[in-house]
Amino acid sequence: MRLIRSSARASAPGKLVLFGEHFVVYDNPAILAAINRRVNVTVHVNNTDNINITSDLGLVGSFKDSRFNLLSGPQETRTILAPLCECARLVLSERGCNRGLDIDLVSNLPESVGLGSSAACCVATTAAVDSLFHEPDRYWISEKAVEAERLIHKNSSGADCHISTFGGLMYFVKNEGFRKIYSKKQLSLGLINTGRKHSTGKLVSSVKRFKETNVTSFKVLTLFSEIISQKAFVAINEGDEKTLGSLMNQNHVLLQEIGVSDKKIDELVNICLTKGAWGAKLTGAGGGGSIIVSFPPNSYELKVFFDSLDKSELGGQSIPVEVDFSGVLVA
Ligand code: MEV
């Protein structure tokens with residue numbers, strides 16, 4: 001396929017897992033929402049056969065065949081940038097093109113805290129590179145982005161790349177696909193970033209060990225998770241946020257059982273509940289990361305708590321978020 005332009009831009013949103021994280025890896029449903037924080041990627045065709053990647057996190061490196069030249073950033077830079085190089089290579093090979101690229105990433109999504117930053121990077125990079133050739137197809141983008149994301153997190157369910165590509169709210173089942181969810185109301189969700197980074201791959205592996213050593217309990221927990229996600233689907237449809245909050249609390253208990261919550265997350269969840277939240281839970285892989293909170297309108301006490309977080313010894317930061325309905329955008 002011929003290049004139709006020599007540079008392109010794309011952006012993709014981060015996400016929240018509202019229900020069913022971890023269980024989704026084992027073909028159980030999850031509910032996700034895209035959020036209005038994005039990763040922006042610009043690509044330029046260059047005159048070498050190198051894939052040069054620069055991220056605003058200060059990571060800079062150049063890939064040529066199987067070699068990597070670290071230009072700035074810590075030792076792990078290669079591991080962090082490799083999936084983005086893979087996205088570019090997957091597209092270039094599919095389109096029969098062997099040109100080099102300069103890829104620049106700018107993000108307003110905190111990374112490694114459960115907000116889907118790796119997936120959004122893969123989706124935006126795939127879309128930007130593919131749009132050098134034609135108008136990209138969203139299904140194709142999400143499929144390729146998942147392939148690349150599996151370089152860092154090999155058992156990825158693919159949920160994060162799907163929600164980042166398509167946006168909105170979605171009921172997702174690995175190997176089956178997704179259904180969009182339409183809500184009667186804009187959900188009012190609070191988000192707390194604990195500031196503690198995690199490795200999704202390690203947490204998914206720890207849940208795998210839990211599953212293998214607790215076969216019966218894992219089956220029971222999986223069944224509960226499925227029921228909770230199904231009820232949440234209905235509650236979102238109906239705009240019933242109170243029920244949604246109560247389902248979040250039930251989901252959080254399951255995540256505690258499989259060992260991905262911890263004392264600090266539970267403390268934050270409990271404080272939110274005592275200050276009037278309808279529900280609160282960790283979101284994403286856990287082990288630090290972020291917490292989502294469902295709350296009634298005009299929750300003054302909670303608002304004060306959110307505002308005071310970064311100065312308190314609990315740590316954390318409240319991040320205002322809304323659901324993003326656009327998904328990946330190509331400019
Ligand atoms: C991470 O955002 C969600 C997990 O369920 C992993 C996955 O779905 O691949 C923990």
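Every value quoted in this text rests on a predicted model; they were computed, and no experiment measured them. Counting starts at 1 for both ligands and their atoms, in listed order.
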Against heavy atoms of [X], which atoms of ligand 1 measure under 4.0 Å?
X: Asp160; value: 1 (C), 2 (O)
X: Lys15; value: 2 (O)
X: Val24; value: 5 (O), 8 (O)

- Message: Checking a contact table here: which protein heavy atom is nearest atom 4 (C) of ligand 1, and how many Å away?
- Response: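 So the nearest neighbour among protein heavy atoms is His22 N, 4.0 Å.
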- Query: Should Val253 and Asn249 be marked as a side-chain contact (heavy atoms from CB on, under 4.5 Å) after you check the CA-CA gap, both sets of side-chain angles, and the distance that decides it?
  - Reply: CA-CA 7 Å; Val253 174; Asn249 295 334; 5.9 Å; no
- Query: Hey, is Glu267 close enough to Lys263 for a salt bridge, meaning N to O under 4.0 Å?
  - Reply: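 No, this pair does not count.
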- Per atom 6 (C) of ligand 1, closest listed option by heavy atom (His153, Glu21, Arg150):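 Shortest heavy-atom distance from atom 6 (C) of ligand 1: His153.
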- Query: Out of Ala285, Gly116, Ser157, who gets a non-hydrogen atom closest to atom 9 (O) of ligand 1?
  - Reply: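 Among Ala285, Gly116, Ser157, the closest heavy atom to atom 9 (O) of ligand 1 belongs to Ser157.
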- Task: Would you kindly specify which portion of Val25 sits under 4.0 Å from ligand 1, judged on non-hydrogen atoms: side chain, backbone, both or neither?
- Result: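 Val25 to ligand 1: side-chain contact only, backbone stays beyond 4.0 Å.
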- Message: Is the terminal nitrogen or CZ of Arg5 (NZ for Lys, CZ for Arg) located under 6.0 angstrom from the six-membered ring centre of Phe133 and within 45° of that ring's axis?
- Response: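 That pair does not qualify as a cation-pi contact.
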- Taking Ile141 as the fixed residue, which of Thr126, Val330, Thr125, Val146 is the one that meets the side-chain contact (heavy atoms from CB on, under 4.5 Å) rule?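 Exactly one option meets the side-chain contact (heavy atoms from CB on, under 4.5 Å) with Ile141, and it is Thr126.
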- Item | Audit row: Phe23, Phe218, ring-ring contact (aromatic ring centres under 6.0 Å, His included) steps and yes/no | CA-CA 9 Å; Phe23 297 97; Phe218 194 77; 5.5 Å; yes
- Side chains of Asn36 and Asp324: do they bring a donor and an acceptor to under 3.5 Å?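 Looking only at side-chain atoms, Asp324 and Asn36 do not form any donor-acceptor pair under 3.5 Å.
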